[in-house]
Student: 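I'd like to ask some things about the structure below.
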Amino acid sequence: MHKRAYGALAVSGVAALALSACGGSSPAPSSNAGSAAPTVSDTSSTSTSAPAPAASSTTGAPVRDANVDLVIWTDADRAPTVKKIADAFGAEQGISVSVQVAVDTRQQFKDATKVGKGPDIVVGAHDWLGELVQENTVAPISLSADTAAKFSESSIAAAKFNGQNYGVPYAVENIALMRNTALAPDAPKTMDELVKTGTEIKQKSGGKVTNVLIQQVGKTGNAYYTYPYLSAFGGGIFGTTSDGGYDPDKVLVDSADSIKGADVLAQLGKQGILSTNVGDDNAEGLFDAGKAPYFITGPWATTNAKKANIKYAISDLPTLDGGGQMQPFLGVQLFYVSSKAKNASIAQEFVTNYITKKDVQLELFNALGRPPALTEALDEVSASNQDVKAFFEAGKDSKPMPNIPAMNSVWGPLGQAAADVISGKAAPEARFKAAQAEIVANIKKG
Amino acid sequence: MSQATKASPAQSMYRTPLWASVLKWVALAVVVAAAFVLATRLADQGYTLYIVVLALVVMAVLAVYSTRRAIPAKYLLPGLVLLLGLQVWPIVMTVSTAFTNGQTITKEDTIAAIQTNSVQEVQGSPRYKLSIAVPEGGDVASAPISFLLTAPDGTYEVGDKDGLKDLPAEGVQKTDSGKITAAPGWTVLNARQVNARKDLATFAVPTADGGGIKASGLSEAFEGKATITYDAATDQLRDSATGKVYVVRDARFVPQDGQGQAFPQKWAENVGFKNFQTILTDPTIRSGFLKIFTWNVVFAALSVITTFILGMLLALLFNDERLKGKGYYRALLVLPYAIPGFVTSLLWKNMFNQEFGLINSLTGLNVDWLGDATAAKAAILITNLWLGFPYMFLICTGALQSIPADVREAAKIDGASAGRTLRSIIMPLLLVAVGPLLIASFAFNFNNFGLIFLLTGGGPFESDNTSIGSSDLLITYAFRLAFSGVTPDYGLAAAVSIFIFVIVALMSYAGFRRTKGLEEVN
């Protein structure tokens, strides 16, 4: 209230929230906290992680260690594993390596790199890429065609911006349909089936089950969870350019296909299947309390579901009537090399020849639990891990989340449009047309 | 001054003890030494202006504290320096940012980055296994570097700044992957030695088609070619692959023909009054401003009034001498103040949930607290009341305890009722003491970004416009405005914050004039 520490606390609180969105478990569509960007993961995912070695306890940016041959920044979740890998690489090359924890990795990397104090390598999500290029902070990485072919196609596409490659992928993640097998033993193929079975379960439960489907919406909406409804009909957010990248001049939010998806959102809202009262703050809690049979979420939610002793299974997102299967956004985790790297040669060597190894990708998987981007490693993991296999299957035809800076202008308007349609405040077609106009105007602002 | 100096009679009466002099000079030496260290660091980074400012501050410190003159300045200087550093400096920075486009990178850096980023592997060219070497006997740190290359077909080549030559296979040792580890006549550099060669960044073995063989890490090389070149004479970029020409507009390179994408990088540029002009002429800003401004004033005023009334009533209650265990009650009441505000805000957000929230389920209401414009405003005020009343309670308790007992007694003797005493004696005295704090509280709430951001995010938004929320304050609105575009616009954000500063300053000035009037009651 008064000028005391509240302001500072609020700011650090916002930072903490933002970082949990960019952090461990999320595909980090938190590009821009101001434009009501969705927090995909729950905030608990970072707080439950073990503290990293050599981590500073403050939220400030780490001070670059000047006396080593390679400096890597990552968040606290990943630091222990990255350190293990980097140490092995250091021993192989006869060099010293330092892995430092940057709590708000994305911002701290940008700020530090601009003044020449950043690391040589930073670990982050692929949707940071446009912004990092925009600020001249990352260097191209030349992967040979042979090496690139070892990765899933979409993960390589995600590391590209304007036709240039800037990162080496190590993990992919996407949302899928999670179900409480105690309530719903079988995976629904279609949304109609999901609604029908779910409603029966709800009616039979005698009030114990309150929701058919949990999906983050919130009062300001969530574009990340909205996208699959658009993609099911072939709609989406951006069209593509000739080189395969996303084109900020082709916004597809009001395309006929996207509006079909909006109609489904309106319908589900009307039936009470989706609600703006379910948001990032309570979605996981509701599912983990056994109050809903179905939950659209990502691998980050499995940890707490296990803790809550929920028996769950993962399956593909359902198909929508009149359209195809809902396709989620793909998030790809990358190793980036700084454009101002003091040890550029070693950094390039590490990402191109070491991170691309199967054993390294497996080690990263074992610690972080996301499907590896390297096909060989993925195959090995899928053979033994049902969750990973199912999550990968659900996203195997999906497209990477846009990594162009124009995406900053989409989160707010598209999320809000979805929320208004779900709550019945606005008609789908008119509302999505308005969102389109707003997004286009924002992009035009530059 | 030391004892050796001849002191005037007046001064000698207050002769400084030796230890104090020593302490003073040591402290001054420390200040000068610290400033020197700081100055060398600043010089390293090339901040000339900061060095000048620092020198002026140190000179002022020496002038004031090394002599016996300027006694008042000895007390004022620390405060002045802090005022300069913590208040004036940020204002200067904000104002100067408001006249720029808010970017920090230079045009030279941008051009260099665009060219580097445009390097693509030449189609169909071989990938070489690479070792970096210097001629035998040459200094590993400075001798001209050469690439020892193994082509995919197993042949060896050596590349230097003049081009590729064959490397005789005799005596060459290599790893399983084909990387050369030793060759007669060459010293192969190890990882650390390669890393130390900063000239490697610009080194390429020229090839016939105008490209160059470049290192990718320590053990691979590829033939790459920059597709984009910069022409300084025309200030244009040309893409040799597509033939597109890019010209400068608004501090970035855009396609000359208007077709296709501009480069995302923007460099720093002064834009004069453009940001201020935008604020005054932009249709979305103009349409939303009055509505947001009104709510902003109402929010700040109601927050202060509600928290003050609740805090004061509780303070009056707990100031009663007959009440036992006051310390415990007071400690309990301060609790909301002790919990971090952002935690409280998120908790309240949860409690306001229409379907699952505590408030609706306890009261049996079905209010869409965070989805309805009026309800959201009420929710914000309720949360802020919870957050703010302990502060008001504290300052009122303090002020009440400082009101002398004899004043009340006099009122009692004069036959004033309890209500009359409160209205005519206690309240005026209380307001004199807490008035300035109420104004400070108003100014703080006027810019209460955290509460709005965490509780409603400025929403709910009216259909088809997510730039103006019904619970937005000017500050949250400015934040969204500045960061909703493709590139964060710190320049515009700075300009908006200057407007907000002026508004708050004017209101606070008017408020302080009013409290001056109150003091005269005393």
Student: Under 4.5 Å from any heavy atom of chain B, what part of A:Asn282 do you find: side chain, backbone, both or neither?
Tutor: side chain
Student: With a 4.5 angstrom heavy-atom cut-off, could you sort out which part of A:Ser96 is near chain B: side chain, backbone, both or neither?
Tutor: both
Student: Please flag which part of A:Lys433 lies under 4.5 Å from any non-hydrogen atom of chain B: side chain, backbone, both or neither.
Tutor: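 Neither part.
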Student: At a heavy-atom separation under 4.5 Å, does A:Phe350 approach chain B through its side chain, its backbone, both, or neither?
Tutor: neither
Student: Using heavy-atom distances under 4.5 Å, tell me whether A:Ser144 contacts chain B through its side chain, its backbone, both, or neither.
Tutor: both
Student: Please state whether the side chain, the backbone, both or neither of A:Tyr166 comes within less than 4.5 Å of a heavy atom of chain B.
Tutor: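 When you check distances to chain B, only side chain atoms of A:Tyr166 fall under 4.5 Å.
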Student: Which region of A:Thr276, side chain (C-beta onward) or backbone (N, CA, C, O), has a non-hydrogen atom less than 4.5 Å from a non-hydrogen atom of chain B, or is it both or neither?
Tutor: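 Looking at A:Thr276, nothing touches chain B.
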Student: Using non-hydrogen atoms and a 4.5 Å limit, figure out which bit of A:Leu286 sits close to chain B: side chain, backbone, both or neither.
Tutor: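 Looking at A:Leu286, just its side chain touches chain B.
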Student: Using non-hydrogen atoms only, which part of A:Asp120 is less than 4.5 Å away from chain B: side chain, backbone, both, or neither?
Tutor: neither
Student: For the rings on B:Phe479 and B:Phe449, is their centre-to-centre separation under 6.0 Å?
Tutor: yes
Student: Report which part of A:Asp249 has an atom under 4.5 Å of a heavy atom belonging to chain B: side chain, backbone, both, or neither.
Tutor: both
Student: Mind ranking A:Lys444, A:Glu349, A:Gln348 by heavy-atom pairs under 4.5 Å with chain B and telling me who comes out on top?
Tutor: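 Option with the top pair count is A:Glu349.
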